[in-house]
Amino acid sequence: MIEFRDVHKHFGQLHVLRGIDLSLSEREVVVVIGPSGSGKSTMIRTINRLEPIDSGSLVVDGLRVHEKNVDVNRLRRDVGMVFQSFNLFPHLTAAENIMLAPMRARGLSRRESRERAERLLAKVGIPEKADVHPARLSGGQQQRVAIARALAMEPKIMLFDEPTSALDAEMIREVLDVMRQLASEGMTMVVITHEVGFAREASNRVVFMDEGRIIEDSPTATFFERPREERARQFLSKVIKH
Amino acid sequence: MIPGAIVFEFPKDFFGGLWVTVQISALGLAGALIIGTGIALLRVSPLRPLRWIGAAYVEFFRNTPLVVQLFFLFLGLPLIGFRFASDTFDNIFRAACVGMALYHGAYVAEIVRGGLLGVDKGQIEAARSLGLSYVQMLRFVQLPQTFRSIVPPLGNIAIALVKNTSLASTIGVADLLFGAEVVESRTFRAEEGFGAATVLYLFLTGPLGFAVNALERRMLIAR
Ligand SMILES: Nc1ncnc2c1ncn2[C@@H]1O[C@H](COP(=O)(O)OP(=O)(O)OP(=O)(O)O)[C@@H](O)[C@H]1O
Ligand SMILES: [Mg+2]
């Protein structure tokens, strides 16, 4: 479903991705962890080409993302993304946020999109918020609308970049519950998170990044019980403590 | 003598002129918004040549006097064989509208550009990550948010434009100022005539300022 081969990426002089090799099969849930600045966001953003790569190959759902002439809009229609800062469109209501892409990028009618929006809002637990603007929603509610907005395109892959790190404790749970359900339904997911509980329960694999490289890629249970790498071990003990 | 009575003694000059001023203002403003938005989009375009064209437009129209531009449109263009209309009155009226749109379009462009750049990058990424094209992203996400944030400065441009339409009288457009001048030359009642014109201008700009404030409040709620 996703296949990185020796992927490199620079920001000017800064060598941010230094030879990423990673492959994900359908229905797999992979959690990415690692210290700040290690390149986690950059890596996940290459998957839908928000960041183009410099060298190597990256194939996502059969599309060759590293090629210049890849149809990015087609790629992105099938890859949903959820951001740390929600990024809901403030001038649109919750339902309109969800309806926009299905109507404009998939050609659904207003009625079909509205029905889809209502169904997804119910799925994420806030059916009563359809006609409310984002400014009137809590952080947890906003993030759930953002997830519903991504799901409305019926993506094959969902990317999450620290979806709960801007949230308070109670709201974190609301959002993680939705993500857990999504994982159990068989969605292919790449999740950057430091929520160990979520990683343990919902993920198949954990990828640990440091300084632009993947230094450990293990099944979830193995990773948490006996991480192979010393750096991963140290990082884990820090994350789990607080 | 009742102050302002002069308006009713010469209704054709004052109210007819006021109507012409309203028309030039409305058409000029609509044109300025369209041109300004287009130029602003060029200025933030990913393609460098387009950005240059946008910048050149703004510099040219901002750095030359409006009166000179009006004279060029009204006297210069016919010399190279272009007229907005064969009828002379239509020609100067249209030249005035176009002149207002071109000149104020440069100012609108700068404001819209600022607004476009002020939209959070995360908004653009979210829109693009959903599979919306660049143009769809502009249309449904970036531009709507831009216009919500620039209502007050656009309001200032609109008010300036209404006042600047008075320069059209210099190329012979029978607007409100032109009407007041005609009455003055006929009656020599300068204070009365220009006083009345001032009040009529205020009738246009006052409510406009009020409308802008109301619109701004509404936009803040929806943001
Ligand atoms: N657009 C950019 N331009 C220049 N440098 C960037 C850009 N985006 C990221 N970087 C740099 O690249 C490096 C990796 O950033 P990245 O955001 O991928 O790290 P991260 O692992 O997600 O970190 P965090 O946990 O803090 O989110 C950092 O040093 C960052 O400063
Ligand atoms: Mg990051």
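These values consider heavy atoms only, across backbone and side chains, with no hydrogens, waters or symmetry-generated copies. Just so we're on the same page: letters track the sequence lines, and every chain starts at 1.
- Between the side chains of A/T164 and A/Q143, no donor N or O sits under 3.5 Å from an acceptor N or O.
- Relative orientation of the B/F84 and B/F82 rings is perpendicular, given thresholds of 30° and 60° on the angle between their planes.
- Within the 4.5 angstrom heavy-atom criterion, atoms from both the backbone and the side chain of B/E125 approach chain A.
- A salt bridge is defined here as a Lys NZ or Arg NE, NH1 or NH2 lying under 4.0 Å from an Asp or Glu carboxylate O, and A/R119 with A/E115 fails to meet this definition.
- Ring-plane geometry between A/H8 and A/H15 is classed as tilted, the angle between the planes lying from 30 to 60 degrees on a 0 to 90 degree scale.
- Under a 3.5 Å cut-off, the side chain of B/D175 and the backbone N or O of B/V20 do not form any donor-acceptor pair.
- Both the backbone and the side chain of A/F89 come within less than 4.5 Å of a heavy atom of chain B.
- The greatest number of non-hydrogen atom pairs below 4.5 Å with chain B, out of A/R149, A/M153, A/R106, A/R49, is found for A/R149.
- Contacts between A/L159 and chain B at a heavy-atom distance below 4.5 Å are absent for every atom of the residue.
- Neither the backbone nor the side chain of A/V82 comes within contact range of chain B; no heavy atom of the residue lies under 4.5 Å from a heavy atom of that chain.
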